[in-house]
Amino acid sequence: MCAAIDSQVIDRDGYRKNVGIIVCNNRSQVLWARRVRRDGWQFPQGGVKPHEAAVDAAFRELQEEIGLRARDVCLLGATDRWLRYEVPGMARDYRRRNAFRGQKQRWFLFKLIGDESSVRLDASVAPEFDQWRWIDYWGPLHYIVEFKKPVYRAALRELEPLLPAFATGRRVGAVVKL
């Protein structure tokens with residue numbers, strides 16, 4: 001996003017609207033991706049455009065960042081509320097275009113129903129990730145940067161009951177929270 005960030009994307013407290021995306025497989029593993037030219041791994045995420053619903057942003061970012069289309073996934077649910085984290089001051093200074101305090105995210109849990117070959121990190125002209133792999137559902141908490149850890153923990157905790165029943169042995173209803 002450009003230096004001038006639309007006020008509809010930044011709330012009055014200085015948090016940028018964003019979506020976090022968790023894609024699981026039938027073994028309750030999650031898709032974990034490495035940022036291009038960095039050693040950092042994370043879930044796909046991205047900003048919500050002005051007048052865009054969070055769920056629409058999630059589907060758009062899913063396709064832009066990892067090449068998955070709506071036909072490749074099943075939306076299992078979303079967090080009930082926006083989860084917030086602050087971008088550390090040094091990171092804000094380093095990334096001058098960030099005219100925001102932090103991010104507020106709605107998290108979405110998708111199940112991959114297509115083939116793994118549908119994951120394409122080169123789906124956009126400026127790829128954000130250069131590698132991906134499946135890891136244990138709770139694995140991201142061991143690897144994510146410290147300032148994002150509470151949001152990751154909250155999202156994983158809230159969305160865990162929506163994991164496919166055949167993967168966890170639990171009965172899960174077909175309720176999708178949006």
Side-chain angles (χ1 to χ4, degrees), residues 1 9 15-36 38 40-49 52-85 87 100 102-145 147-164 167-168 172 175-178:
M1 195 166 266
V9 177
Y15 290 90
R16 176 178 176 248
K17 291 181 185 176
N18 189 281
V19 292
I21 299 167
I22 302 171
V23 177
C24 69
N25 63 18
N26 61 6
R27 295 181 310 277
S28 294
Q29 295 172 311
V30 292
L31 188 146
W32 195 234
R34 186 178 80 170
R35 300 283 305 205
V36 170
R38 296 187 192 160
W41 291 72
Q42 68 177 55
F43 286 128
Q45 67 177 52
V48 177
K49 294 179 179 180
E52 182 178 41
V55 67
D56 295 333
F59 276 103
R60 177 181 49 75
E61 290 290 340
L62 191 64
Q63 184 173 351
E64 289 175 6
E65 293 194 357
I66 56 176
L68 294 176
R69 298 176 187 269
R71 69 175 178 250
D72 299 318
V73 296
C74 174
L75 176 59
L76 299 178
T79 56
D80 286 330
R81 61 188 173 83
W82 295 92
L83 304 174
R84 296 177 178 200
Y85 68 83
V87 176
F100 51 89
Q103 305 224 56
K104 68 178 190 178
Q105 300 176 313
R106 284 287 307 277
W107 282 84
F108 294 85
L109 177 63
F110 292 92
K111 167 140 182 3
L112 179 67
I113 57 174
D115 190 81
E116 286 183 10
S117 64
S118 300
V119 176
R120 297 214 28 233
L121 302 181
D122 62 352
S124 72
V125 290
E128 298 215 16
F129 302 109
D130 61 8
Q131 289 183 36
W132 74 275
R133 62 184 173 168
W134 293 112
I135 66 171
D136 179 70
Y137 184 80
W138 291 100
L141 293 180
H142 300 289
Y143 305 109
I144 194 61
V145 295
F147 70 91
K148 290 185 180 182
K149 207 171 273 194
V151 166
Y152 270 55
R153 182 177 293 110
L156 288 166
R157 188 174 289 144
E158 184 175 343
L159 297 171
E160 184 184 27
L162 303 176
L163 286 173
T168 62
V172 177
V175 177
V176 174
K177 303 182 299 180
L178 299 177

**Q** Between F59 and F108, is the ring pair (Phe, Tyr, Trp, His ring centres under 6.0 Å) condition met? List the steps.
**A** CA-CA 9 Å; F59 276 103; F108 294 85; 8.0 Å; no

**Q** Go through the steps for W107 and F43 under the test ring pair (Phe, Tyr, Trp, His ring centres under 6.0 Å), then give the verdict.
**A** CA-CA 10 Å; W107 282 84; F43 286 128; 5.8 Å; yes

**Q** Work out which heavy atom in Q29 is nearest to a heavy atom in R27; give both atom names and the distance.
**A** OE1-NH2, 2.8 Å

**Q** Say whether, by atom type as modelled, one donor and one acceptor occur between the side chain of E65 and the main chain of F129 under 3.5 angstrom.
**A** no

**Q** Could you state the interatomic distance from CD (Q103) to CG (L83), rounded to the nearest 0.5 Å?
**A** 12.0 Å

**Q** Heavy-atom distance under 4.5 Å between the side chains of I144 and Q42, does that happen here?
**A** yes

**Q** Taking everything shown except R69 itself, do over 12 heavy atoms lie less than 6.0 Å from its CZ?
**A** no

**Q** With a 4.5 Å limit on heavy-atom distance, are the side chains of R157 and W138 in contact?
**A** yes

**Q** Is there side-chain contact between K49 and V9, with at least one heavy-atom pair below 4.5 Å?
**A** no

**Q** I want to check something: taking the side chain as every heavy atom from C-beta on, are K148 and Q45 in contact at a cut-off of under 4.5 Å?
**A** yes

**Q** Between V145 and Y152, does a side-chain contact (heavy atoms from CB on, under 4.5 Å) hold up when you go through it step by step?
**A** CA-CA 10 Å; V145 295; Y152 270 55; over 6 Å; no

**Q** Between atom CD of E116 and atom CG of D72, what is the distance when rounded to the nearest 0.5 Å?
**A** 12.0 Å

**Q** Rounded to the nearest 0.5 Å, what's the gap from CG on D80 to CG on L159? Could you check?
**A** 9.0 Å

**Q** Report the C-alpha distance between L109 and L163 in whole Å, list the side-chain angles of each, state the deciding distance to 0.1 Å, and finish with yes or no for side-chain contact (heavy atoms from CB on, under 4.5 Å).
**A** CA-CA 8 Å; L109 177 63; L163 286 173; 4.2 Å; yes

**Q** Judged by atom type as modelled, is there a donor-acceptor pair below 3.5 Å linking the side chain of R106 to the main-chain atoms of T79?
**A** yes

**Q** So W134 and V23, do their side chains get closer than 4.5 Å, heavy atoms only?
**A** yes

**Q** Would a 4.5 Å heavy-atom cut-off, applied to side chains only, mark I113 and C74 as touching?
**A** yes

**Q** Mind running side-chain contact (heavy atoms from CB on, under 4.5 Å) on N18 and V48 for me, showing each step along the way?
**A** CA-CA 5 Å; N18 189 281; V48 177; 5.6 Å; no

**Q** Within this structure, what is the CD1-CD distance for the pair I22 and E160, rounded to the nearest 0.5 Å?
**A** 10.5 Å

**Q** At what distance, to the nearest 0.5 angstrom, does NZ of K149 lie from NE2 of H142?
**A** 8.5 Å

**Q** Please round to the nearest 0.5 Å and tell me the distance separating atom CG of L31 and atom CD1 of I135.
**A** 9.0 Å

**Q** Classify the angle between the aromatic ring planes of F147 and Y85 as parallel (below 30°), tilted (30 to 60°) or perpendicular (above 60°).
**A** tilted

**Q** Using a 4.5 Å cut-off on heavy atoms from C-beta on, say whether the side chain of Y137 contacts that of C24.
**A** no

**Q** Which heavy atom of L76 sits nearest a heavy atom of K111, and at what distance?
**A** CD1-CB, 3.9 Å

**Q** Which pair of heavy atoms, one from A123 and one from G67, lies closest together, and at what distance?
**A** CB-CA, 3.6 Å

**Q** Answer whether the closest heavy-atom distance between the side chains of R16 and K104 falls below 4.5 Å.
**A** no

**Q** Quick check: closest heavy atoms across G47 and R60, and the distance to 0.1 Å?
**A** O-NH2, 2.8 Å

